[in-house]
Amino acid sequence: MSPDIPRDLPVIVLAAGQSRRMRGSDKLLEEIDGVPLLRRQAELACAVTSGPILVALPPAPHPRYQCLDALAVNRVPVPDAQEGMNASLRTAFAAVPPDAPAAMLVLADLPELMEGDLRKVLQAVDLKSESMIWRGTTEDGQPGHPIVFSAALFPAFATLSGDGGGRDVVALAGDRIVCVPLPGGRARCDLDTPEEWAAWRARSAL
């Protein structure tokens, strides 16, 4: 990480979705190498910063809380999580320390992301530049995650509603977005159904 980048940037892990398309199971509790996906993503976040890790979760009680036991993360309940992703974004960014110059956003349901991917995006951050967003993309340039948002954009999260996934906030940055290519499709590989999980596991076993 560049010496000019704070080593304690907050990292938000979005994990309050309802996993409806899994038809009764929870994609964030699917195991990868014996570790629930949500715990895996939280561990990645813990590995790249000494700052706070904010995990947006459905209201307790919920099994996702238990899979984070013994991790140094802040569980952030989202009371209106059923509204969609923007409710999680509103709640999570409201919990970011007010003096943070930027914060990284990681989706909990991207099973191919690696610690090095988070570090690569963080290393691209230049808080002295005019840029407002530093964003992971697929190898061929499709926008994905993780994303680092400058603090100048934090107030815009408070006005979000619905399930737009923060697109309105990204639009505010205009052309002040730095794209950071990550290997393959890691930045966008999410698995929403049992069939997608089965196919992904079959590919991974080859």
Side-chain angles (χ1 to χ4, degrees), residues 1-16 38 40-56 72-74 76 85-86 88-160 164-190:
M1 190 177 295
S2 164
D4 295 329
I5 304 169
R7 296 175 181 271
D8 60 351
L9 284 186
V11 178
I12 293 168
V13 180
L14 285 194
L38 173 54
R40 176 189 184 276
Q41 306 304 80
E43 288 176 345
L44 293 182
C46 290
V48 301
T49 184
S50 62
I53 310 299
L54 309 169
V55 184
V73 301
N74 299 317
V76 181
M85 187 183 293
N86 283 345
S88 297
L89 291 169
R90 282 198 314 269
T91 302
F93 274 92
V96 171
D99 58 346
M104 172 175 273
L105 175 68
V106 179
L107 298 186
D109 63 353
L110 299 178
E112 294 187 353
L113 278 183
M114 306 295 286
E115 178 183 329
D117 300 327
L118 274 63
R119 290 192 184 279
K120 186 175 181 181
V121 174
L122 284 172
Q123 287 163 358
V125 174
D126 181 359
L127 296 173
K128 297 177 182 177
S129 71
E130 295 297 312
S131 300
M132 302 181 78
I133 288 176
W134 298 263
R135 180 168 202 172
T137 72
T138 60
E139 204 166 61
D140 59 1
Q142 297 179 68
H145 288 80
I147 308 177
V148 175
F149 291 91
S150 163
L153 292 171
F154 290 178
F157 285 99
T159 66
L160 293 179
R167 286 190 290 269
D168 292 344
V169 178
V170 172
L172 290 175
D175 61 358
R176 289 179 288 180
I177 299 175
V178 176
C179 293
V180 184
L182 303 176
R186 291 178 186 174
R188 290 173 64 94
C189 177
D190 61 341

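The model shown is predicted, which means the values in this text are computed figures rather than measured ones.
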Quick one: [atom1] on [X] to [atom2] on [Y], what's the gap to the nearest 0.5 Å?
| X | Y | atom1 | atom2 | result |
| --- | --- | --- | --- | --- |
| L172 | I177 | CG | CD1 | 10.0 Å |
| L182 | E112 | CG | CD | 11.5 Å |
| K120 | M114 | NZ | CE | 14.0 Å |
| L110 | C189 | CG | SG | 7.5 Å |
| Q41 | L14 | CD | CG | 11.5 Å |
| R186 | T137 | CZ | OG1 | 12.5 Å |

So does [Y] get a backbone contact from the side chain of [X], meaning a donor-acceptor N/O pair under 3.5 Å?
| X | Y | value |
| --- | --- | --- |
| R188 | P143 | yes |
| R119 | A47 | yes |
| R135 | V148 | no |
| T49 | R7 | yes |

Which pair of non-hydrogen atoms, one from [X] and one from [Y], has the smallest distance, and what is that distance?
| X | Y | value |
| --- | --- | --- |
| A100 | A151 | O-CB, 3.4 Å |
| M132 | A152 | CE-CB, 3.8 Å |
| L160 | G166 | CD1-CA, 4.1 Å |
| P10 | A102 | CD-O, 3.3 Å |
| A92 | L54 | O-CD1, 3.9 Å |
| V13 | A45 | CG2-CB, 4.2 Å |

Take atom CG in D175; do more than 12 heavy atoms of anything else shown fall under 6.0 Å from it?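 Count not over threshold, so no.
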Can you spot which of V121, L9, I147, I53 makes a side-chain contact (heavy atoms from CB on, under 4.5 Å) with M104?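 So, applying the side-chain contact (heavy atoms from CB on, under 4.5 Å) to M104 and each of V121, L9, I147, I53, only V121 qualifies.
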Can you name the one residue among I12, L113, V55 that meets side-chain contact (heavy atoms from CB on, under 4.5 Å) with V106?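 Only match with V106 under side-chain contact (heavy atoms from CB on, under 4.5 Å): L113.
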Taking the six-membered ring for Trp, are F93 and F157 parallel (under 30°), tilted (30 to 60°) or perpendicular (over 60°)?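 Judged by the thresholds at 30° and 60°, the geometry between F93 and F157 is parallel.
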Heavy-atom side-chain contact between [X] and [Y] under 4.5 Å:
| X | Y | answer |
| --- | --- | --- |
| D117 | L44 | no |
| L153 | I133 | yes |
| L127 | S150 | no |

